[in-house]
Protein chains: 2
Amino acid sequence: MKTADPELMRAMNRFSVLDSIRRHGPISRVEITERTELSPTTVSAITGSLLDDGLILTRHEGDIRSESVRGRPRVMLELNPAAARVVGAKIAANRMVFVVTDFCGSVLAALTLPIRIDRQPISVIADIVEDGVRRCVLDAGLALSEIHSICLGLPGVIEHRSGHIRSSPILRDANVDFAAEMSARLKTTTIVESDATAITLAHHWFGQARDLEDMVLVSLEQTLGLGVLHNNRLFRGAGGLSHNLGDLVLGMSKDGVMRLASQAGENAILGSEQADGRFAEAVRLGRGMAHAQALIEADDSPLIGAAIRAGETIGFTIANIVTLFAPPRVIVVGSSLALGEPFLTSLRKAYALAIPPSLQDVSEIVFDDSNDDLWARGAAAVALYELYESPWNTTGPAL
Amino acid sequence: MKTADPELMRAMNRFSVLDSIRRHGPISRVEITERTELSPTTVSAITGSLLDDGLILTRHEGDIRSESVRGRPRVMLELNPAAARVVGAKIAANRMVFVVTDFCGSVLAALTLPIRIDRQPISVIADIVEDGVRRCVLDAGLALSEIHSICLGLPGVIEHRSGHIRSSPILRDANVDFAAEMSARLKTTTIVESDATAITLAHHWFGQARDLEDMVLVSLEQTLGLGVLHNNRLFRGAGGLSHNLGDLVLGMSKDGVMRLASQAGENAILGSEQADGRFAEAVRLGRGMAHAQALIEADDSPLIGAAIRAGETIGFTIANIVTLFAPPRVIVVGSSLALGEPFLTSLRKAYALAIPPSLQDVSEIVFDDSNDDLWARGAAAVALYELYESPWNTTGPAL
DNA sequence: CGATTTAATTTGCGACGCGTATTAATAAGA
DNA sequence: TCTTATTAATACGCGTCGCAAATTAAATCG
């Protein structure tokens, strides 16, 4: 077990303060005191040290309640955007999205590469990723040496702690130490993370879960992913292993197992339409969902049927997830949301049927169709999170 | 967020030391130093305070390596059994089991009431439970006032934090504040917990998960439960809600949802045999599994078929759990294990098929058919755990 | 019996968080 | 304009913690 010494105590409170500043914009010391329940003294000491380290800035203007308030005005504190920069990336089968963000998580530069990397050997993919990172950093007017760390989000079973990709639908190889590979290439600390986990943190920081400390996110893309926020922290399986919803088994028959991915994955839904040559081509190029959307609006009944079936399956799967994690909110994201009403309605209906009565009021389902940038930004947030947890001068009694 | 002050620090380290002593029997201070990575000074201070509080005892004999070792002999420390007593209970549909344990978790008295309480109103059940607790305490030669706290383990959806039973297959009523009810009746702190969670802690403390800090347990009784140990702690859903495996949905049809409980619950398996009057009677009296075992050994093919189907379903459900939690070990417990080879073989086979290749080596499955006492002891362990976390004299700098 | 070895405690130090008192910076009132 | 009231932030002193080094305790070995 981790041993508790003053240093840990300091680190915890420092994180607590830093997190308050991040979450609640420009914020005064008094308000931090209230939020963290730390004493004014401690807050003052910690913010002082954060200021010394250049992680935060003061601002004298922004006190909202400045009109007709008597005493000394509050000095507002905010993150120093220039304190560090990180790169976040979303790596998917048919595209990569890179962003460079500052210390606040604001995007400085974004780059989308619509490249189909599906099942290329690892070296090819690493080449493309390396290139993307370098270009995006350049676009931001920075040098790679100015980047503190990089986080790559990709689908599959990721072992965050060790940086290994145990398996990913977009890779040919299995069990690759991708973090080490990319760290060596870019000479910058690189971590890998499940894309679903990344977007989960993105929603916690910037999106629909800012107000929550527990939450579950289901991502419906070519791969089906799951992210869990538990007690304000990302919950990963034992050993830091990420979840992979698509691997869930729905049932068994003589021929083998029926997995969720084969029932409600993007390919499964669109696959029902593969007869049409133009459509298949669109799918291959990553435009499948856009096409599907058009077809559904034109009342393409086989596709609508597939969407309804998928929605039903996802619906009760979400109910199962709620049974296990009891989160107050489930956020559903991903390209499959483009299937529109037939899909969503059947999902909601199936969920309502499947959720056990005793959990009926526990969870609300929310849909969110943010763009790819948010995913990449989530990856960046993962990198920032690790930074926040151990701000370089962890020890720093002023001086 | 919890604010970190010296008190928290001390509490953490105190717990760490106490836990070392609990786990590793009589243990010397040096060894605690090694295990906890605390400094000898700190260990000495904390053990001193624990000794003052009467939570631990010294023992001068038990140094194993005492022969032909030069220096000053180690003084062994161990829990003081008399430091506190708690009651643990397992409440099931057709029986209740109570135990009184000492501070080490050793059973001082056990009491089994083979009473069918299925779906009685809450007041009736509370009466029986109250009676059972009182009798068991008496059997241990104690008075209720000497009991520090009580933990009741029962199936269903339990909200541990608030003490509410949101729903339980053995209760007629839903959303009962059972902890408050029993606390008032017994005038002793009473907590409620999912039975699966209780047995999970039992295995962590006394059983097949002593060496692990992550683990998942699946309980197959009349109800299907799940317990998760994550990072040496019990993992409960958001809000302290326990999991209830039986509510998991396997699929949907026009008539409604198909839940795991209806496919692989004890009643579902034995239900296939209800034609036989004698057998139905046995089931009603809680001897169903014993009978089933006999029938299976006598090659009762419909029942064997049911067992195989149930095993298959449980098998891939476990694979799904592993996909989500990636525990190094899954412990399967509960009366359904009595179905024997047909059941276990089909479970293993289904699991092997269903587990995603990338997780093949992650988890091992272990079966355990401990008796009911262990369940009740697990409940007692839950009570003790909360005691350990805040040993009364939380503040106590020697003096 | 003294030297040696290992265990446990004592001592001195630096860091932390907190409570109280103090200083800083503003608005309202005379 | 000057004073007072009010609120924000800091300085100081206290008690606790954990740790490293020194010291004491208790055994074995020659």
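Numbers restart at 1 for each chain; the letters A, B, ... are given by sequence-line order, proteins then strands.
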Between [X] ([atom1]) and [N] ([atom2]), how many Å, whole number?
{"X": "B:Leu51", "N": "C:dA8", "atom1": "CG", "atom2": "P", "result": "12 Å"}
{"X": "A:Ile32", "N": "C:dG17", "atom1": "CD1", "atom2": "P", "result": "14 Å"}
{"X": "A:Glu7", "N": "C:dG17", "atom1": "CD", "atom2": "P", "result": "12 Å"}
{"X": "B:Leu8", "N": "C:dG17", "atom1": "CG", "atom2": "C1'", "result": "12 Å"}
{"X": "A:Met12", "N": "D:dC17", "atom1": "CE", "atom2": "P", "result": "17 Å"}
{"X": "A:Glu31", "N": "D:dT7", "atom1": "CD", "atom2": "P", "result": "16 Å"}
{"X": "A:Ile46", "N": "C:dC16", "atom1": "CD1", "atom2": "P", "result": "9 Å"}
{"X": "B:Arg14", "N": "D:dG18", "atom1": "CZ", "atom2": "C1'", "result": "16 Å"}

Under the side-chain hydrogen bond (donor to acceptor under 3.5 Å, both in side chains) rule, collect the residues that match up with A:Ser242, sequence neighbours excluded. none
Salt-bridge test for [X] and [Y]: reply yes if a basic N is under 4.0 Å from a carboxylate O, no otherwise.
{"X": "A:Arg329", "Y": "A:Asp211", "value": "yes"}
{"X": "B:Arg233", "Y": "B:Glu389", "value": "yes"}
{"X": "A:Arg35", "Y": "A:Asp19", "value": "no"}

To the nearest 0.5 Å, what is the distance between CG on A:Leu241 and OG on A:Ser194?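 One finds 10.0 Å between CG of A:Leu241 and OG of A:Ser194.
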Polar pairs (N or O, both sides) under 3.5 Å between protein and nucleotides 19-21 of chain D?
from	atom 1	to	atom 2	distance (Å)
D:dC19	OP2	B:Ser39	N	2.9
D:dC19	OP2	B:Ser39	OG	3.1
D:dC19	OP2	B:Thr42	OG1	2.7
D:dA20	N6	B:Thr41	OG1	2.9

Listed nucleotide nearest any side-chain atom of B:Val75, set D:dA9, C:dG17, C:dA8: C:dA8
Does OP1 or OP2 of D:dC17 have a side-chain N or O of B:Arg10 closer than 4.0 Å?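 For B:Arg10, the contact criterion (side-chain N or O under 4.0 Å from OP1 or OP2 of D:dC17) is met.
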Any chance the rings of B:His148 and B:Phe103 have centres within less than 6.0 Å? no
5' priority, DNA chain D, between B:Pro6 and A:Thr47 [closest heavy atom]: A:Thr47
Only counting residues at least two apart or in another chain, list the ones meeting salt bridge (charged side-chain N to carboxylate O under 4.0 Å, His left out) with [X].
{"X": "B:Arg161", "answer": "none"}
{"X": "A:Arg85", "answer": "none"}
{"X": "B:Arg210", "answer": "none"}

Any donor-acceptor pair under 3.5 Å between the side chain of B:Arg72 and the base of D:dA26?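 No.
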Give each protein N/O atom lying under 3.5 Å from an N/O atom of nucleotides 1-4 of chain C, with the pair distance.
none

